[in-house]
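To start, the structure itself, in structure tokens.
Order of listing sets the numbers, starting from 1, for every ligand and every atom in it.
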Amino acid sequence: MVQLDVEPISGVLGAVVCGIDLAEPLDEATVEAIRLAFVTHHVLFFRDQDLDAEQQMAFGRRFGELDEHPFVYGTDEHPEVLDILTMPDDVLNFGGGWHADVTFLPEPDLGSILFAIDVPAAGGDTLFANQHAAYDALSDTMKGMLDGLVAVHSAGSQYQEGGISTRSQAMRTKNADLAANEVQHPVVRTHPENGRKGLYVNRAFTSRIRGLRRNESEALLGFLFDHAVHERFTCRFRWERGSLAMWDNRSVQHFALHDYAGQRRQMRRITICGDVPS
Ligand code: SIN
């Protein structure tokens, strides 16, 4: 077994893992150690990796089956692999708003694994927010109100014809006619591995709370969207070429900053299939 060195990078989430080459086949004990660190720290960062798409996929498969994005084409060789490219003159970037990945699906992805191929000289950091910490910080009265509520999620605003994510010149989107489909998930999700409760709504994909009037739903969601990503629940990662991040979509929201106009950024993403939130 490889001896992992796991160093937290903030008080609430995120840890850098050293002492491992992810291109090498990993034994079961090492995978278990990574899984434990993942569930404990919610997002793991590995630096100085040298991975091609197949090696990244082989690493991802140790944690579950890989998923295919329903609205963004993968690469020609691997439909499960997204080439997340921002061109120097792009106005919008992929993931440039707080969200957890694909919560508009009945079984949203468990986690995502992002590898940095080309990064700007400065900028292009990714922010992460711990949704367990955000839930824990609420009053007991608010927790009581939220427990049992159900929210509606959809990819409409992002992937319908003319949606935000269809406007990036470097990403090819598909299935726009299906993007407005709705699914329902609990507002408070219990993590299937660590048993902790966390907020499970996000500004990109959650449209309303079932059973509330429109203005009630907007007010409550507006509060939750802001609260969930308050600075005290976040960490920020500065990418270098060869960095890899692996985050838990069941407990984390993330935000890809676009503060590098005039520069190119290229990342390779895979996602791991998840389960029905409860
Ligand atoms: C994403 O939302 O998966 C993109 C994150 C990033 O590019 O930093």
Side-chain angles (χ1 to χ4, degrees), residues 9 13-14 16 42-47 49 51 53 56-57 60 63 66-75 78 80-88 90-105 108-129 131 153 155 157-159 163-173 202-206 225 228-229 234-261 263-274:
I9 66 161
L13 85 163
V16 175
H42 316 291
V43 50
L44 300 179
F45 306 106
F46 303 81
R47 292 216 182 263
Q49 301 296 318
L51 289 179
Q56 185 174 347
M57 292 168 75
F63 302 93
L66 302 187
D67 203 6
E68 229 180 273
H69 198 287
F71 302 118
V72 183
Y73 283 104
T75 63
H78 305 293
E80 308 94 329
V81 173
L82 292 192
D83 182 26
I84 299 184
L85 181 58
T86 314
M87 299 300 279
D90 262 331
V91 176
L92 296 168
N93 67 324
F94 183 85
W98 282 108
H99 65 287
D101 290 325
V102 297
T103 65
F104 47 78
L105 294 179
D109 294 331
L110 173 162
S112 306
I113 299 178
L114 189 68
F115 178 70
I117 294 172
D118 188 14
V119 296
D125 297 358
T126 306
L127 311 179
F128 297 89
Q131 300 306 284
H153 296 239
S157 66
Q158 302 290 321
Y159 294 109
I164 295 167
S165 298
T166 64
R167 290 185 226 149
S168 147
Q169 55 176 328
M171 307 284 304
R172 292 181 306 138
T173 57
N202 67 86
R203 192 164 253 129
F205 303 130
T206 311
F225 292 156
V229 299
T234 68
C235 72
R236 175 172 179 150
F237 186 62
R238 167 104 180 85
W239 294 94
E240 292 163 0
R241 185 178 296 208
S243 301
L244 181 140
M246 173 180 183
W247 62 85
D248 190 333
N249 281 304
R250 304 163 298 182
S251 57
V252 170
Q253 289 196 51
H254 58 283
F255 186 134
L257 281 176
H258 188 205
D259 55 354
Y260 49 95
Q263 297 182 76
R264 188 178 184 282
R265 180 178 184 267
Q266 186 174 16
M267 316 291 275
R268 188 198 299 130
R269 191 181 92 169
I270 57 169
T271 46
I272 303 158
C273 293

Those atoms of ligand 1 less than 4.0 Å from some heavy atom in His99: 2 (O)
Contacting atoms of ligand 1, where contact means under 4.0 angstrom from a heavy atom of Trp247: 3 (O)
Nitrogen or oxygen of Trp239 less than 3.5 angstrom from that of ligand 1: no
Numbering as shown, the atoms of ligand 1 that approach Ala256 to under 4.0 Å (heavy-atom distance): 5 (C), 6 (C), 7 (O), 8 (O)
Distance filter under 4.0 Å to Gly95 heavy atoms, resulting ligand 1 atoms: 2 (O)
Top protein contact for atom 3 (O) of ligand 1, by heavy-atom distance: Arg269 NH1, 2.8 Å
Heteroatom distance test (His254, ligand 1): nitrogen or oxygen, under 3.5 angstrom: yes
Closest protein heavy atom (residue, atom, distance) for atom 8 (O) of ligand 1: Thr126 OG1, 2.6 Å
For atom 7 (O) of ligand 1, the protein heavy atom that lies nearest, with its residue and separation: Arg265 NH1, 2.8 Å
Option from Gln49, Met267, Met246 for which side chain to side chain contact (heavy atoms under 4.5 Å, CB included) with Phe115 holds: Gln49
Distance, nearest 0.5 Å, that separates NE2 of His254 from CZ of Phe128: 7.0 Å
Side chain Glu240, main chain Arg47, donor-acceptor under 3.5 Å: no
Within 45° cone of Phe225 ring axis and under 6.0 Å: Arg203 NZ or CZ: no
Donor-acceptor contact present, side-chain Asp90 to main-chain Asn93, <3.5 Å: no
Which of the ligand 1 atoms, numbered from 1, are nearer than 4.0 Å to a heavy atom of Leu114: 5 (C), 6 (C), 7 (O), 8 (O)
Over all atoms of both residues, closest heavy-atom pair of Gln56 and Ile113: NE2-O, 3.0 Å
Salt bridge (charged side-chain N to carboxylate O under 4.0 Å, His left out) evaluation trace for Arg265 with Asp118: CA-CA 5 Å; Arg265 180 178 184 267; Asp118 188 14; over 6 Å; no
contact_flag Phe237 ligand 1 heavy-atom lt 4.0 Å: no
Name of the residue among Asp248, Asp101, Thr271 meeting side chain to side chain donor-acceptor pair (under 3.5 Å) with Ser112: Asp101
